[in-house]
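Sequence lines set the chain letters: A, B, ... in the order given, protein chains first and strands last, and positions in each chain run from 1.
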Amino acid sequence: MKNIWRIFKKEFGGYLNSPSTYIFLIIFLILGSCMLLYVSTFFRSGAARLDGFFVYIPWLFLFLVPAIAMRVWAEEKKTGTEELLMTLPVRDYEVVIGKYLGALALLILALALTFPIPWMVSHFADERTPLDWGPVACAYLGSLLLGATILAIGTWASSLTENQIIAFILGCAISFALILVGFPRVAELVPFGLGDYVAALSPYRHFVNIYRGVLDLADIVYYLSAIVFFLFLNIRSVESRKWA
Amino acid sequence: MIQVDNITKNYGRTRALRGVSFTINKGEIVGFLGPNGAGKTTTMKILTCYMPADTGTATVAGFDVFDNPLEVRKRIGYLAEGAPLYHDMPVVDFLKFVGQMRNIPSGRLRQRIGEVVLMTGLQKAVGKNIGELSKGYRQRVGLAQALLHEPDILILDEPTSGLDPNQIKEIRDLIREIGREKTVILSTHILPEVTATCDRAIIISDGRVVASGTPQELMNRGTGQSSVVVQVRGPKPEVESALAAISGVTAVESLESVNGAARFRVSAGQTKDLPEQVFKTVVAKNWVLTELRSEGATLEDVFAELTK
């Protein structure tokens with residue numbers, strides 16, 4: 001437990017010391033605001049709603065989250081520090097979890113920094129149609145769970161290679177495929193009538209449920225299991241140095 | 001302290017280790033010697049529990065590397081090949097991180113960081129980012145990191161590679177000093193390093209231990225030939241035949257003459273008293289002996305012979 005916390009601190013500290021983190025945060029905030037204000041129907045709808053922001057979250061996360069995740073393992077492999085780290089008295093899973101949580105903290109920070117958006121919408125909303133905070137809270141939770149899942153995919157991808165670009169592309173591609181099968185049009189293409197089952201595996205499908213304001217335990221359990229599954233793959237991949 | 005029993009390791013089809021066994025006692029400084037790709041680094045990775053061997057067993061301080069990796073790692077300070085470090089971290093933060101991971105209480109850790117910084121001569125570098133440091137300084141940071149928790153065993157993979165002669169001397173002196181109390185294994189393909197720092201050398205070639213012993217013992221295992229270089233002021237042909245007549249002499253090689261004196265390399269089989277015989281011969285003839293130097297087999301010769 002202590003080791004997980006120490007690794008977490010080092011990882012999160014590493015993000016805060018790196019200029020690329022701030023570029024990431026700025027891009028995320030600018031793109032998020034642009035999506036709401038220019039791409040969505042926010043102004044035309046005349047209602048204090050944030051659907052126009054959250055509906056684009058999966059697409060933003062699709063690129064931005066693998067960008068956070070890509071360095072997590074690939075950099076250690078490239079510079080050889082993996083050997084330094086893994087010969088300290090730690091267990092492999094402690095390192096995997098600590099590193100994941102460090103990146104997750106950055107994701108949480110990014111989401112927290114979007115808070116001025118709902119605050120302003122609420123502030124300037126018509127008194128007769130105020131912002132409903134319930135769905136907003138739900139949508140934040142959904143975004144966090146979706147992002148955490150993509151992050152687990154991305155860190156696993158990062159553990160497969162020492163090349164950060166490959167890690168990034170791999171993370172994007174796997175996440176994109178999983179999001180895509182959540183669309184009914186795509187799910188229909190799956191043969192043998194398995195479409196519904198495949199779609200149920202899509203993080204996008206569960207995100208849509210939550211951001212519509214339906215908080216179902218099944219969706220939360222889905223995300224947690226997906227995260228655990230990819231972290232498990234990550235641990236196996238880190239252990240694989242021992243079998244090779 | 002360290003007991004390695006018939007370990008093997010394959011990387012795919014490459015056979016990195018083909019049955020390596022050795023024992024290292026407490027307080028020894030042992031040099032792993034071998035050409036590149038001989039299996040030195042692989043052996044070290046197995047001892048530090050980075051990866052397990054395919055077959056065979058290894059125990060460090062009484063703990064099996066496979067069954068008890070955490071206990072083994074606690075007792076080892078490891079400098080991996082090329083001193084991999086986190087380049088975006090300041091030296092002091094890095095040492096703090098390693099110390100915390102090694103469970104050193106924070107008060108003690110502050111004191112230890114001061115001590116290892118002094119030991120490795122890092123005073124000027126502590127505040128800098130590791131990435132800004134020169135190769136020699138990075139190597140010292142790697143060493144400082146390995147010493148932090150006062151391990152009983154130090155495993156150093158090519159500790160002096162890439163350093164300038166002054167730095168090499170400093171690091172060697174440091175290793176000698178550390179080795180007074182601790183068990184040290186270092187790998188190298190620089191032969192003088194072994195003679196300069198190690199109590200014992202283990203020569204590894206092609207995944208096998210081909211020789212082990214003190215540098216002196218290894219040198220004696222050389223070709224079995226001893227030779228002396230003699231410089232004599234006297235008639236050259238007569239001197240040559242007189243030297244050749246000494247019992248046990250197998251060859252007399254004429255060398256370039258200096259200042260009118262004749263020089264020869266006289267080789268013999270296992271004749272211990274060859275220099276003495278040469279001296280007596282020359283004096284008996286009333287010639288003047290201006291140089292008499294014994295030439296043993298060098299570690300280079302032995303190394304070349306064994307790792308062919």
Side-chain angles (χ1 to χ4, degrees), chain A residues 1-23 68 70-99 102-103 106 159 162 164 235-244, chain B residues 9-12 14 16 41-42 44-54 63 65-66 68-90 93-94 96-104 106 129-131 138 141-142 145-146 148-149 151 155 157:
Chain A
M1 223 26 220
K2 263 188 189 165
N3 284 336
I4 294 178
W5 168 244
R6 288 161 183 161
I7 301 265
F8 164 81
K9 270 199 307 189
K10 178 193 163 289
E11 286 294 307
F12 190 52
Y15 280 119
L16 295 185
N17 275 331
S18 158
S20 57
T21 302
Y22 297 95
I23 296 173
I68 308 177
M70 66 183 185
R71 54 168 276 201
V72 172
W73 286 98
E75 194 179 33
E76 301 254 6
K77 283 172 189 280
K78 184 98 180 175
T79 58
T81 46
E82 192 192 14
E83 197 173 338
L84 173 87
L85 189 59
M86 303 320 264
T87 51
L88 290 172
V90 280
R91 294 177 179 86
D92 292 355
Y93 76 84
E94 291 173 332
V95 182
V96 170
I97 294 172
K99 277 175 163 290
L106 177 62
S159 73
E162 57 168 54
Q164 294 194 30
I235 293 169
R236 298 302 280 174
S237 145
V238 170
E239 282 173 349
S240 73
R241 71 175 192 276
K242 298 177 182 171
W243 324 322
Chain B
K9 177 82 193 174
N10 299 336
Y11 296 111
T14 323
T41 296
T42 304
M44 291 188 158
K45 282 181 177 174
I46 291 168
L47 286 178
T48 52
C49 317
Y50 181 65
M51 49 162 86
D54 294 343
F63 294 99
V65 291
F66 192 76
N68 255 321
L70 294 189
E71 292 303 318
V72 171
R73 288 180 196 173
K74 277 182 197 165
R75 286 162 178 78
I76 289 180
Y78 179 40
L79 172 69
E81 195 175 8
L85 303 163
Y86 294 107
H87 285 191
D88 48 2
M89 279 178 117
D93 287 5
F94 171 71
K96 227 180 259 171
F97 167 68
V98 173
Q100 286 170 352
M101 294 302 292
R102 295 237 178 237
N103 252 325
I104 306 173
S106 66
N129 269 358
I130 293 171
R138 281 183 209 159
V141 177
Q145 163 274 129
L148 206 53
H149 57 297
I155 297 187
D157 201 348

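- Taking every heavy atom of both residues into account, A:Val90 and B:Arg73 meet most closely at O-NH1, 2.9 Å.
- Contact of the B:Phe97 side chain with the A:Lys9 side chain is not registered, since no non-hydrogen atoms from C-beta on lie closer than 4.5 Å.
- Ranked by heavy-atom pairs under 4.5 Å with chain A, the list B:Pro52, B:Ala146, B:Gly77, B:Ala80 is led by B:Pro52.
- Proximity to chain A (any heavy atom under 4.5 Å) is shown, for B:Lys96, by neither the backbone nor the side chain.
- Counting heavy atoms from C-beta on, the side chains of B:Pro84 and A:Thr81 come closer than 4.5 Å.
- Heavy atoms of other residues, nucleotides or ligands lying less than 6.0 angstrom from CZ of B:Phe63 number more than 12.
- One distance of note links CE of A:Met86 with OH of B:Tyr78; it measures 13.5 Å at 0.5 Å rounding.
- Neither the backbone nor the side chain of B:Glu71 comes within less than 4.5 Å of any heavy atom in chain A.
- For A:Arg241 and B:Tyr50, the positive end sits near the middle of the six-membered ring, less than 6.0 Å away and at most 45° from its axis.
- With a 6.0 Å cutoff to the six-membered ring centre and a 45° limit on the axis angle, A:Lys10 does not count as a cation-pi contact of B:Phe94.
- A pairwise comparison of heavy atoms in A:Pro89 and B:Leu70 identifies C-CD2, 3.8 Å as the closest pair.
- Expressed to the nearest 0.5 Å, how far CG of B:Asp157 lies from CD of A:Glu83 amounts to 7.5 Å.
- With a 4.5 angstrom heavy-atom cutoff, A:Glu239 does not touch chain B via any of its atoms.
- The shortest side-chain heavy-atom distance between A:Arg6 and B:Asn103 falls under the 4.5 Å cut-off.
- Remark: the backbone N or O of A:Leu88 is not paired with any side-chain donor or acceptor of B:Arg102 at under 3.5 angstrom.
- Closest heavy-atom contact between B:Met101 and A:Asn3: CE-OD1, 4.1 Å.
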